[in-house]
Amino acid sequence: MHNLPQIPSSEITPKDLFLSRRKFLRGLGLGAGALALAACGLPGSEATPTSAPAQPAATSGGSAPSASANTDELGDPLTEYDAVTGFNNYYEFTTDKERVARMAADFPTSPWQVQVGGLVNNPGVFDIDDLLKFPIAERIYRLRCVEAWSMVIPWMGFQLSELLKKVEPTSQAKYVRFESIYDPDKMPGQHSSWYEWPYVEGLRLDEAMHPLTLMATGLYGEQLPAQNGAPLRLVVPWKYGFKSIKAIVKIDLVEEQPTSLWMAAAPREYGFYANVNPDVSHPRWSQRTERRIGELGRRETLPFNGYAEQVASLYEGMDLRSNY
Ligand SMILES: Nc1nc2c(c(=O)[nH]1)N[C@H]1C(S)=C(S)[C@@H](COP(=O)(O)O)O[C@H]1N2
Ligand SMILES: [Mo]
């Protein structure tokens, strides 16, 4: 996340051209790396076609990835499947966004269990198959990374509120703490001591109960690809992308505000709330505008990532400049 936004090769040319150029390069016996070197430092040009196209994850039925609509509710087009699944932040594997898909390809996401406990009346260990029995629906959401790029992604999933109602938080519970899997043998990035593993995130209980807050189990009508956080990841569309924690194995209801991985790693940069806010700059860049992956140029960043009408009331009376 400390890297400046990179341009994925897949957005520079239409997909078919991008793929045929790769074939062409392979035909020449040119490692992609050679070309990346040649292109290095030319902003916005033919930058970094460094990796093979991501392998699509197991499809549910062999059909092509598809969504129920072509745009989000603001009329903006969905980000291409190849970009959604080929340009990822997942530091457990690597900080190189275009290598995550390949490195995660063999990561086992089944069987999978999620332990839900803490301040609840009905703690339990849930099999991913149990969780898939909650009503699963498609949600087309904008994802705004703190690095100032964004996508529009057709997720599949269930509302976190469904799971929370089932375990019944006690009246003491004020926050939800989420933990990702810890498996350094299979996740080489977890050998990095820059971060305190496992990845941890948190929400206030009312944020967690909000109907927009999704537990994603799929995208583009398919099972969630490993690189996107399979088999279960959080999606909180009005917050910066890093809040949307991947590969969740543990959820605890707690009384105190949890310390996330990013709060511990860079306390000056990342606060607990991390609501998308064009008025609060990152210490090293403005958050006023963003680059929508697949588009040239930049667009204005919207308060709460365009979900203010639904969520601003959660923060009434709070100073969102100091509670960033
Ligand atoms: N466990 C875990 N979750 C994570 C991350 C990570 O490195 N590890 N990166 C976050 C960041 S910074 C972003 S922008 C999104 C990216 O999600 P995507 O790859 O599905 O687009 O995942 C978030 N969740
Ligand atoms: Mo991010």
Side-chain angles (χ1 to χ4, degrees), residues 1-6 8 10 54 57 78-104 107 109 114 139 141-157 177-184 186-190 192 194-203 214-220 222-251 260-266 269-270 274 276 282 285 287 290-294 301 305:
M1 298 218 315
H2 294 273
N3 302 330
L4 285 171
Q6 296 172 342
S10 55
L78 305 184
T79 301
E80 274 195 48
Y81 178 86
D82 285 0
V84 172
T85 59
F87 185 77
N88 303 100
N89 270 332
Y90 204 162
Y91 276 27
E92 283 87 337
F93 290 101
T94 169
T95 57
D96 180 345
K97 299 183 202 338
E98 294 190 72
R99 284 176 61 219
V100 171
R102 257 185 310 164
M103 291 183 67
F107 183 71
T109 57
V114 184
R139 296 282 183 92
Y141 284 162
R142 293 169 290 287
L143 175 88
R144 171 54 159 87
C145 177
V146 75
E147 296 163 329
W149 53 265
S150 62
M151 300 191 188
V152 180
I153 303 178
W155 301 105
M156 314 286 300
R177 180 184 182 278
F178 305 85
E179 205 174 287
S180 295
I181 192 165
Y182 181 68
D183 190 352
K186 301 199 184 72
M187 298 178 129
Q190 287 184 331
S192 161
W194 287 102
Y195 306 104
E196 273 174 46
W197 305 107
Y199 201 100
V200 168
E201 262 306 336
L203 294 173
L214 194 70
M215 296 300 277
T217 56
L219 58 79
Y220 267 106
E222 294 183 356
Q223 221 172 290
L224 198 62
Q227 61 269 32
N228 295 95
L232 188 72
R233 64 88 63 82
L234 181 69
V235 180
V236 194
W238 70 92
K239 293 178 179 282
Y240 290 118
F242 65 82
K243 296 293 288 185
S244 292
I245 179 174
K246 296 177 172 182
I248 296 168
V249 292
K250 199 163 180 287
I251 301 175
S260 67
L261 173 137
W262 289 111
M263 289 162 73
E269 301 183 16
Y270 306 106
V276 174
H282 185 277
W285 58 84
Q287 298 289 18
E290 65 199 53
R291 225 164 44 76
R292 179 67 49 85
I293 299 300
T301 288
N305 202 22

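Counting convention: from 1, in listed order, for ligands and their atoms alike. Predicted model only: the values in this text are computed from it and were never measured.
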For Tyr195 and Ala265 the tightest heavy-atom approach is CD2-CB, 3.8 Å
Can a non-hydrogen atom of Arg233 be found less than 4.0 Å from any atom of ligand 1?
-> yes
Pro225 to Thr85 - nearest heavy-atom pair and separation | CG-CG2, 3.8 Å
Have a look at Pro198, Gly241, Cys145 and point out the one with the heavy atom closest to atom 13 (C) of ligand 1.
-> Gly241
Residue part near ligand 1, for Tyr199, under 4.0 Å between non-hydrogen atoms = side chain
Do Phe178 and Leu232 come close enough that some side-chain heavy atom pair is under 4.5 Å?
-> no
Listed by chain and number, what are the side chain to side chain contact (heavy atoms under 4.5 Å, CB included) partners of Lys239, not counting sequence neighbours?
-> Leu203, Glu207, Val236, Lys243, Tyr273, Asn275, Tyr315
Enumerated ligand 1 atoms positioned under 4.0 Å from heavy atoms of Ser180 | 1 (N)
Among Glu92, Lys243, Lys246, which one has a heavy atom closest to atom 16 (C) of ligand 1?
-> Lys246
Check each atom of ligand 1 against the heavy atoms of Leu143 and keep those under 4.0 Å away; list them by number with element.
-> 21 (O)
Over all heavy atoms of both residues, which pair between Thr94 and Met103 is shortest? Give the atoms and the distance, please.
-> CG2-SD, 3.5 Å
When every non-hydrogen atom of Trp197 is compared with those of Gln190, the smallest separation belongs to CD1-O, 3.3 Å
If we number the atoms of ligand 1 from 1 as shown, the ones under 4.0 Å from a heavy atom of Ile245 are 3 (N), 24 (N)
ring-ring contact (aromatic ring centres under 6.0 Å, His included) partners of Tyr220, counting only residues at least two apart = Tyr81
Give a yes/no on ligand 1: does Ser244 have at least one heavy atom closer than 4.0 angstrom to it?
-> yes
Give the atoms of ligand 1, by number and element, whose distance to some non-hydrogen atom of Tyr90 is under 4.0 Å.
-> 6 (C), 7 (O), 8 (N)
